[in-house]
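This report concerns only the one structure given below.
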Amino acid sequence: MEKPLQRFRELVRKIRAFADAEAVLYWDLRTGAPRKGAEARAETIGFLSSERFKLIASAEMGTLLAELEEPSVWEKLGELDRRQVKEARREHDRSVRIPPEKHREFVTLTSKAETVWEEAKRKADFGLLAPYLERIVAMTREFIGLWGHEGHPYNTLLDQYEPGMTVDVLDRVFGELKAETVPLVQRAAERSRQVRADFLELEYPADKQREFSLFMLREMGYDFEAGRLDETEHPFMITLGPGDARVTTRYKENDVWFALSSTIHEGGHALYEQNLAPELAGTLLYDGASMGMHESQSRFWEIFVGSSLPFWRRYFPELARLFPRQLAGVDAEGFYRAINRSRPSLIRIEADELTYNLHIIIRYELEKALVAGEIGVGELPALWNAKYGAYLGVVPAHDGEGVLQDVHWAGGSFGYFPTYTLGNMYAAQLMHALRRDMPDVDGRIERGELAPIRRWLTDRIHRYGKSRTPDELIREATGEPLNPRHLIEHLKAKFG
Ligand code: ZN
């Protein structure tokens, strides 16, 4: 038994090494690599990534998995190795069931479509992208047939990003969230119009914003010996290997909340990665449990800590010390109200906490219907506009600010959007459970005692990495399965 397990672990370490190398190259590309080297760099990253996928799909991996799954061998495996073998089996099957020429065709098609999408968005001309999208949807449906599915065909796509999640669960939790938040939207916007927020858009020098971002990360318990903070165009967090989880942010000089919220958000992702159990290093389990669970950690810090009144009672004076002129006449409560304004808008990435989920639910409903063959690509613009009108009360003037706003569909990513709202739901549910375990959580935040909160999350979520499913984690951390009520109650209390 020793032998296949040994060889399996070595193969996995090799796969991880490729992933780490890709991450270094990607981080460098996004944080200051010379522009003229970008094209060649992208090609190198693509080459390494296809080598990594070959290892996952390799005959060697197939043989090792079959040997390890032999009942006599399997029963002697420890729990972590079993989880790892299951994870490898999932990824291996997903790769080998698509013929290589189909896979190549899909990669070429989507990269072409992404280029066409830029032009279509600029010209607000859905007709340019439509033929590509039709082919992408057709191929996606073909892949689902090859992968197989239980229940709704969309389940297979969800499972890539959120293992175990199904349309049955999403229809129920998203339906409930939609029914309870749509009626809040107009009233919240009404009230937000009275809130003064002009001071957020004064000139805030980048060097001082950076100073505050560094301070914020230290307060959250981010370990600078296992990471660093850099600047980029679109903020992200990336893990380059055990002991190296990096945060990036962007300082907009006329929008102080952008960098603040981005840094706290990406910092929440980084705390997850920095606190994975060391024994998971070099395995396939050294990762977040799912996209939704990862997003729950970033949103927990960004929304439930970093956008709360107790937080700003503690930290507003520090911010005002750095920006005395810009924040003259503003207090913690005024700052809190300004950063929490809500108004329905057309663009997802600019949406506030209340309306964001409705942008996601619209995409989910359309993707699900496309994949099931219930609607055609040609119907998308009209359905999109009708849903925006019904849920948010706003209608795009053209497709550039409507159905063409996101690149995801041109890139062939279906099933990914729902993880954003799942992240918000998990985060609200975790906050509810934290309040039960730590009744003085608001007092602690107001005193800047964030370490016990970070430790609570590490104990219940971070350390397990991918060794538990999202469903197992949320049940054990909170005592119940995914429950949309916690997010709904939070949004009602804040915006109702
Ligand atoms: Zn995120």
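Just follow the structure's listing: the first ligand is 1, and inside any ligand the first atom is 1. The residues of the chain are indexed from 1 along the displayed sequence.
- Shortest distance from the Zn ion (ligand 1) to Glu295 is reached at OE1 (N/O/S atoms only).
- Aromatic rings of His359 and Tyr391 (six-membered ring for Trp) have centroids beyond the 6.0 Å cut-off, not under it.
- The list of salt bridge (Lys or Arg N to Asp or Glu O under 4.0 Å) pairs with a residue in residues 268-292, not counting sequence neighbours, is empty.
- Cation-pi geometry between Arg348 and Tyr420 is satisfied (NZ or CZ under 6.0 Å from the ring centre, within 45° of the ring normal).
- Listed by chain and number, the residues in a ring pair (Phe, Tyr, Trp, His ring centres under 6.0 Å) with His265 are His269 (sequence neighbours excluded).
- Contact annotation: His269 places an N, O or S atom under 2.8 Å from the Zn ion (ligand 1).
- Take the N/O/S atoms of His265: the one nearest the Zn ion (ligand 1) is NE2.
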